[in-house]
Amino acid sequence: MARHLITSAIPYINGIKHLGNLVGSQLPADLYARFQRARGNEVLFLCATDEHGTPAELAAAKAGKPVDEYCAEMWAVQDEIAKGFRMSFDHFGRSSSQQNRDFTQHFAGRLADEGLIEEVTEQQIYSNTDGRFLPDRYIEGTCPNCGFESARGDQCDNCTKQLDPVDLINPYSTISGSTDLEMRETKHLYLRQSQMKDQLSEWIESKNDWPVLTTSIAKKWLHDGDGLQDRGITRDLSWGVPVKRGTEDWPGMAGKVFYVWFDAPIEYIACAKEWADANGKSDADWQRWWRTDMGAEDVRYTQFMGKDNIPFHTLSFPVTILGSGEPWKLVDYIKGLNYLNYDGGQFSTSRGRGVFMDQALAILPSDYWRWWLLSHVPESSDSEFTWENFQASVNKDLADVLGNFVSRVTKFCRSKFGEVVPEGGKWGEQEEALIAELTTRVRAYEGHMDAMEVRKSASELRAIWVAGNEYLQTAAPWVTFKEDPEKAAAQIRLALNLIRLYAVLSAPFIPDAAEDLMKAMHTEDAEWPDDISAALGSLAVGDAFTVPDVTFRKITDDEREEWQARFAGTRD
RNA sequence: GGCGAUGUAGCUCAGUUGGUUAGAGCAGCGGAAUCAUAAUCCGCGUGUCCGGGGUUCAAAUCCCUGCAUCGCCA
């Protein structure tokens, strides 16, 4: 039995995510986790919220709440939505957990011991009114180059010239609008990533089977310009993991916290401990997933993430892991995903453009979204959501091909034989041909799922559904019933078993519908069909079933038009 | 501005290390069937593979260049 550690990039705590965020990480990770479990493999699937940093502080202030309280509430909201989309996390953690604090401080201490941390004293802009240092993007002023009045601290959006915040004329804080700014000296820790450039490069070069997207982004950061840069890992903030060297205070760093990108990936490890702690398990239970000296040497670790997160996962986090000099599990495969666009543009939170996770669940069940999103996942390039395409796919694939198959089989059986698996007759050439085709297709499906070729998996699964309709069409039990009822009985017995088979195979994509079908067939046999012929004998003569309600309904043109208008975005 | 992609049938996309008449699903057209959610099944594609050069016996696939779209960065 293989062991799979699977993590999805952790969403930022601030606000509800849109469908692009969902399909870019959590959803394909969930598909993979469900598939591996269904094959009988051992899986630990983790996700969490990324809670630290300035945006969370500002959002909390805006909501008039203490930041920890705000985060706790938003975590609950995100947890609820993830459940709504049937994310099968073994644990949905929080980067603000005590466990993550401990690990983050531990890693910083180890990295310092290994000579990979440098203390740097630098000048930064401090806002007296806001009582905080301002990140570049929170400073605006007049561009010294072109005179544009809303140039950002890092770049002028008008003339595109790169700027340094100190060069801005009449700079002000975008948080408060205050112009009471001054330069202050402050000390920060830098992670000396450049020291490990060669080691990282060799590691990335060895990953021939990773998506090109993943390796090309990593290589760009490794070799672009002066090569991999050292990065600051601390900030002058209050909301974050306090800077410590292991369990000791860090001289000169009192009152500072680690920068989010440093502590967020460490949450993957901390989350495993949170999982163990929350479920009455021992340290050994999580360590066997993460420590190669404590049982994790046979674990296959797969990470899922959108392309914006690739640099941190291919470079920065590996520096933390490798640089610690301790036997932590390093990622084996990084499934990097592109972006999903919305109807010819980007999803936009500020403009209310596109469908957000809570809105999606309010208008249709999660399976409809899961199917469309997964079968159109942006694997090789950015992909596009349009309502026409969504309506067509849902109606054709789910309602017509799969849903109608279930409907025609169960209703025909009920009218001719009753709601019970009929007896008599036996399989002939048509049935053997179907089994041969299904065997080939199911093996291909498994291959694609193992390789995380999500679109190809969806396409193969659909072909498996279609095979059932093709069989019915040629077998034509409505004709054979008139001449040879026993033959029709054998045909329908097979078709009823196909429904159970489809439920098992489809569960990673559409878990709710799969469960409904299993219940309708009065079975709990969810064993993966290693032998198709045997699997089609699961429901035996005399077993009762219930004709299910409509498995998937169709989306009407009126609904499509209404949603199209509702989510187009109005504000600008 | 720098960098990275992407550009294949009306639409959404496949096309592995360059190699037989460039593929799938949807839409469209024609037919079969009538068990079923007006569902299903079968048949039908002469597409400047973005343009222009080049390498090669052979390029959608490699190189150069132009254009377009998108994204990222400081």
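These numbers come from a predicted model, not from an experiment. Side-chain atoms are counted along with the backbone in the values below, which use heavy atoms only and exclude waters and symmetry mates. Below, chains carry the letters A, B, ... as their sequence lines are ordered, and counting in each starts from 1.
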Quick one: do the [X] and [Y] side chains pair a donor with an acceptor below 3.5 Å?
| X | Y | result |
| --- | --- | --- |
| Arg500(A) | Ser538(A) | yes |
| Asp543(A) | His522(A) | no |
| Thr234(A) | His188(A) | yes |

Interatomic distance at [atom1], [N] relative to [M], whole Å:
| N | M | atom1 | value |
| --- | --- | --- | --- |
| U46(B) | U37(B) | C1' | 39 Å |
| A5(B) | A9(B) | P | 22 Å |
| U8(B) | U16(B) | P | 16 Å |
| G47(B) | C11(B) | C1' | 14 Å |
| C63(B) | C26(B) | P | 35 Å |
| G10(B) | C35(B) | P | 39 Å |
| U69(B) | A27(B) | C1' | 25 Å |
| G45(B) | A39(B) | P | 25 Å |

Exercise. Between Arg408(A) and Asp308(A), which has a closest nucleotide on RNA chain B that is more 5'?
Worked result: Arg408(A)

To the nearest Å, give me how far apart [atom1] ([X]) and [atom2] ([N]) are.
| X | N | atom1 | atom2 | value |
| --- | --- | --- | --- | --- |
| Leu461(A) | A24(B) | CG | C1' | 16 Å |
| Lys307(A) | A5(B) | NZ | C1' | 7 Å |
| Glu379(A) | U6(B) | CD | P | 14 Å |
| Leu472(A) | C41(B) | CG | C1' | 10 Å |
| Ile499(A) | A36(B) | CD1 | P | 14 Å |
| Asn469(A) | C41(B) | CG | P | 5 Å |
| Asp400(A) | U37(B) | CG | C1' | 7 Å |
| Leu496(A) | A36(B) | CG | C1' | 14 Å |

Who does [N] pair with, Watson-Crick or G-U, both distances under 3.5 Å?
| N | answer |
| --- | --- |
| U55(B) | none |
| A60(B) | none |
| G4(B) | C70(B) |
| G18(B) | none |
| C41(B) | G31(B) |
| G25(B) | C11(B) |

Exercise. Reckon Phe405(A) touches a base, only the sugar-phosphate, or nothing at all at heavy-atom distances under 4.0 Å?
Worked result: nothing

Exercise. When all nucleic acid strands are considered with a 4.0 Å heavy-atom cut-off, which category describes Ser383(A): base, sugar-phosphate, or nothing?
Worked result: sugar-phosphate

Problem set entry | Residues, nucleotides or ligands: over 12 heavy atoms within 6.0 Å of Lys187(A) NZ | yes

Exercise. Has the side chain of Asn404(A) got a donor or acceptor atom sitting under 3.5 Å from an opposite partner on the base of A36(B)?
Worked result: yes

Exercise. Any idea which heavy atoms bring Leu361(A) and Trp369(A) closest together, and the distance?
Worked result: N-NE1, 4.3 Å

For this session: Measure across Tyr12(A) and His52(A) and return the closest heavy-atom pair with its distance rounded to 0.1 Å.
Result: OH-O, 2.6 Å

Problem set entry | Approximate separation, where rounding is to 0.5 Å, of Arg462(A) CZ and Leu398(A) CG | 9.5 Å

Exercise. Honestly, is Lys17(A) close enough over Phe356(A), meaning NZ or CZ under 6.0 Å from the six-membered ring centre and within 45° of the axis?
Worked result: no

For this session: Please report the C-alpha distance between Tyr333(A) and Gln303(A) in whole Å, then the side-chain angles of each, then the deciding distance to 0.1 Å, and finally whether the side chain to side chain donor-acceptor pair (under 3.5 Å) criterion is met.
Result: CA-CA 6 Å; Tyr333(A) 190 88; Gln303(A) 295 177 337; over 6 Å; no

Each nucleotide N or O in nucleotides 42-44 of chain B that has a protein N or O under 3.5 Å away: list the pair and distance.
unit_1	atom_1	unit_2	atom_2	d
C42(B)	OP1	Glu470(A)	OE2	3.2

Exercise. Would you say Lys416(A) reaches A36(B)'s phosphate, i.e. side-chain N/O to OP1/OP2 under 4.0 Å?
Worked result: no

Problem set entry | Short side-chain N/O contact to A38(B) OP1/OP2 from Lys554(A), under 4.0 Å | no

For this session: On the 0 to 90° scale, with breaks at 30° and 60°, tag the Phe405(A)-Tyr502(A) ring pair as parallel, tilted or perpendicular.
Result: tilted

For this session: Answer yes or no: is there an ion pair linking Lys554(A) with Asp400(A), defined by an N-O contact shorter than 4.0 Å?
Result: yes

N/O-N/O pairs, protein side and nucleotides 26-33 of chain B side, under 3.5 Å:
unit_1	atom_1	unit_2	atom_2	d
C26(B)	OP1	Arg462(A)	NH2	3.4

For this session: Please test Val120(A) against Glu118(A) for side chain to side chain contact (heavy atoms under 4.5 Å, CB included), starting from the C-alpha separation and ending with a verdict.
Result: CA-CA 6 Å; Val120(A) 175; Glu118(A) 184 180 9; 4.1 Å; yes

